[in-house]
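Take a look at the structure set out below.
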Amino acid sequence: MTSPRVLSLNALSKRFGSVVANDAVSLDLHRGEVLALLGENGAGKTTLMNMLFGHYMPDSGGIDVYENGQPQPLTLGHPQAALAAGIGMVHQHFALAENLTALDNISLGSEPLFALRRSRDRVRAKVQGIMDRSGLNAPLNVPVGHLSVGERQRVEILKALYHDARILVLDEPTAVLTPQEADALFDNIGAMTRDGLSVIFISHKLREVLAFSHRIAVLRHGVKVGEMVTADADERAIARMMVGADTPVTAREPMRPGAPVLTLADVTVTARSARDSLQNANLTVHAHEVLGIAGVSGNGQSALAGVISGLLRPTGGSISVDGRTIAHPDPLAMIGAGVGRIPEDRHHDGIVGSMSVAENMVIERLDDPQVQRHGLLNRDAIAQNGQALSQSYDVRGPGIESPARLLSGGNIQKLILARVFEQSPRLILANQPTRGLDMGAAAEVGRRLLAARARGAGVLLISEDLDEILGLADRIVVIHDGKLVEVATRDREEIGLKMAGEPA
Amino acid sequence: MMDVLQILLSESFWAASLRIATPLIFGVLGALLCEKSGVLNLGIEGIFVAGAMAGWMAVWLGAGLWGGVLVAAGAGAFFGLIHAILTVPLGLSQHVSGLGVTLFATSVSYFIYRTALPNVTSPPRIEPFRPLDIPVLSDLPFLGPVLFQQTALTLLALILVALVWYMLNRTALGVAIQAVGDNPDSVDAQGLSVYGLRIGAVMAGSALMALGGAFLTMSAFDAFFFGMVNGRGWICIALVIFASWRPGKALLGALLFGAFDALQVRLQTEVGALVPGQVFLMAPYILSIIALVIAARKADYPRALLTPWFKGQR
């Protein structure tokens with residue numbers, strides 16, 4: 001890079017208790033550059049960026065921001081100082097007040113608090129100017145709660161640009177976008193970098209990193225293990241650098257589908273918003289088959305999962321499992337019929353955090369005589385079961401008697417897999433099963449799902465990650481606005497258009 | 001039936017409704033301000049008592065009436081500060097802290113009263129706010145007696161409804177308070193202080209609550225009694241939900257409750273021989289519960305209400 005430096009992180013370190021989140025990480029950023037920060041979950045990418053933005057105080061090291069080519073040390077631990085130095089950050093969890101309009105969210109903090117009047121027109125004019133230049137468009141006068149995820153993200157970026165950010169940090173910006181929205185975002189980023197903006201984006205998607213960045217830095221276990229110019233990088237090398245070893249590629253052997261294990265006939269769910277509803281959904285999952293549901297979040301996936309897990313009573317249509325119609329679909333009936341559920345929000349819906357690991361492993365079969373007799377729990381059997389499952393599913397943590405909430409995300413997921421797969425379910429409902437997991441843990445989940453398929457179960461895989469669906473699913477159905485459409489193609493582009501609701 | 005209609009059309013009924021509603025208007029505005037910032041303030045009942053006691057005692061000790069109002073507001077802000085410190089930077093349970101503040105403020109007020117007046121059997125009286133007599137306005141038909149023959153505190157309450165609405169919806173400060181009650185991260189990310197906004201809102205809200213108490217000793221009555229607040233604070237907590245956190249609807253809710261109360265007093269004299277008096281005493285509360293059940297289904301809770309926020313934890 002020949003353009004001048006705008007930022008340098010110098011040997012930043014941060015530990016949380018005994019865990020080293022970042023160990024002497026140094027990084028440079030140049031004017032107009034797009035730098036991709038790659039790494040597995042827990043590699044320390046977000047911690048590093050939170051130190052840059054002043055959310056965390058580094059234990060050691062420093063940050064320089066360059067003004068007219070001269071390095072100026074940044075006051076650490078103060079978001080306000082970072083904002084003033086021209087650093088803007090867009091978090092994965094948006095920092096937006098949903099009851100306010102985009103305009104109010106953008107101007108928040110930029111006007112004197114105790115003035116009697118506000119200067120909304122001036123704010124609007126400036127935001128409009130930024131929108132025109134960058135191509136980032138969002139409705140300004142609607143409460144943010146009514147906006148789509150993509151629009152909210154654009155509001156977040158506009159917010160940073162409104163504060164005259166010269167350095168923009170994006171934490172996994174495409175995690176919630178359709179492929180088309182993601183491409184549009186990177187187009188906009190391209191336009192902005194030509195105006196002199198420098199961008200750091202955190203990602204673990206190799207494809208977009210290779211396509212849209214100028215330079216790549218890879219973190220593993222809190223240490224920067226590599227840095228390269230994107231033009232010279234190749235996918236295998238980066239993946240090896242991220243994981244520290246070659247990842248085993250999950251091979252999906254072709255199988256002949258068996259009898260239907262799940263059939264939805266004209267299932268309809270009417271809800272207040274289109275996001276939570278289903279319209280005449282017809283769906284069949286066979287034995288020895290993985291059916292992938294592709295779609296951007298908030299298009300009816302939660303309604304579909306709710307119906308199949310028995311948590312949501314459909315307003316019309318019928319559900320049958322293994323050829324038998326379920327007359328009163330409630331959670332107990334669905335479990336009884338042989339549906340195993342891997343819920344979307346594993347912390348909230350997958351475990352009871354205050355109960356022990358062993359208890360969580362039997363929580364769906366409390367009427368099993370092995371677990372209880374005459375209403376009293378058999379603690380020994382529960383402990384033995386917990387011990388055995390922890391071993392075979394490699395659940396690691398402080399022990400089977402400690403509260404499940406103390407486990408890491410990956411281990412909570414393994415706990416849930418153990419609970420579900422031990423029941424040999426006929427149908428497995430896997431809703432975003434690898435979200436937030438690192439590559440190793442995600443590969444393990446995929447392997448287990450394919451093993452269940454080989455055993456003769458049907459798998460309904462709901463995922464926002466198109467690569468995951470393409471890797472695991474035998475058939476693909478796209479969900480958009482509560483409607484299901486099966487696609488014959490395996491072309492990313494075409495499926496992406498369907499996900500965006502365009503009649504391709 | 002004719003009698004009820006006659007009551008509803010009378011000036012004195014509406015004047016009484018507004019009078020009864022006044023402390024509730026102060027209280028509900030105060031509770032609304034606290035909750036808009038994300039903090040439930042169950043200290044309200046005790047803060048009413050503290051405001052009633054402090055305002056009255058200041059006047060009894062020789063301060064002017066408006067001086068008493070200021071002292072009451074200051075007392076409210078003080079107890080609000082205690083609640084805010086416990087719940088905002090320390091992040092303790094808002095329910096527990098609020099109930100604690102109610103117990104504390106109530107007993108401290110009684111204690112000060114008893115210590116200052118150890119040998120008094122009948123509570124000493126002060127010269128309270130007099131009903132206004134504004135030329136022209138007070139002589140208007142209907143509106144005159146209902147609106148402009150009230151005391152200055154009632155008019156202040158009505159003005160405050162408009163002020164609080166304007167502040168919340170038309171100033172940068174109000175926007176920031178609404179944001180901090182919805183998603184504190186949004187405020188933090190823009191460099192504003194979550195703690196500062198919440199502590200400020202709770203203190204200001206508590207000062208308003210104390211004015212509701214002061215109205216009781218300095219306008220409705222002219223002395224301080226034990227137990228005189230009598231659940232008005234709790235009613236305000238319910239009214240905020242009824243109002244869905246909107247100042248205009250808060251005024252409406254307070255007036256509705258005032259009207260129920262004024263009506264039950266009058267019905268008691270009309271048909272008191274037929275029905276036991278307790279039924280009428282219950283009526284406003286039962287009607288409030290029914291109104292609440294209907295309104296609360298659509299209530300638009302501040303999303304961050306009851307959720308503590310800690311700096312540096314994302």
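Proteins come first, then strands; the chains are lettered A, B, ... in the order of their sequence lines, and each starts at number 1.
Judged by distance alone, the side chain of N50(A) and the main-chain N or O of H55(A) form no donor-acceptor pair under 3.5 Å. Checking side-chain atoms of Q92(A) against main-chain N and O of E172(A) turns up no donor-acceptor pair under 3.5 Å. Judged by distance alone, with hydrogens and angles left aside, the side-chain atoms of K14(A) form a donor-acceptor pair with the main-chain N or O of M57(A) at under 3.5 Å. Using modelled atom types, no side-chain atom of R120(A) and backbone atom of D104(A) make a donor-acceptor pair closer than 3.5 Å.
Looking at heavy atoms from C-beta onward, F242(B) lies in side-chain contact with L256(B) at the 4.5 angstrom threshold.
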Exercise for review: Tell me, with the steps shown, if R232(B) and E45(B) meet salt bridge (Lys or Arg N to Asp or Glu O under 4.0 Å).
Suggested key: CA-CA 7 Å; R232(B) 284 183 176 85; E45(B) 182 78 7; over 6 Å; no
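Contacts between L83(A) and chain B at a heavy-atom distance below 4.5 Å involve the side chain alone, from C-beta outward. For L100(A), the part sitting under 4.5 Å from any heavy atom of chain B is the side chain, from C-beta outward, and nothing else. Contact of H163(A) with chain B is made through the side chain alone, with heavy-atom distances under 4.5 Å.
The residue among Q80(A), R118(A), E156(A) with the most heavy atom pairs within less than 4.5 Å of chain B is R118(A). Of the listed residues (A82(A), A160(A), A97(A), G88(A)), the one with the most heavy-atom contacts under 4.5 Å to chain B is A97(A). Contacts with chain A were tallied for A304(B), P302(B), S186(B); S186(B) has the most, counting heavy-atom pairs under 4.5 Å.
With R198(B) as the partner, the side-chain contact (heavy atoms from CB on, under 4.5 Å) test is satisfied by one option alone out of S37(B), C34(B), P89(B): S37(B).
For residues 158-184 of chain B, the interface with chain A (any heavy-atom pair closer than 4.5 Å) comprises Y166(B), R170(B), T171(B), A172(B), L173(B), V175(B), A176(B), Q178(B), A179(B), D182(B), N183(B), sorted by residue number.
Under the 30°/60° scheme for interplanar angles, the aromatic rings of H91(A) and F53(A) are found to stand perpendicular.
Residues forming a ring pair (Phe, Tyr, Trp, His ring centres under 6.0 Å) with F78(B) (at least two apart in sequence, or on another chain): none.
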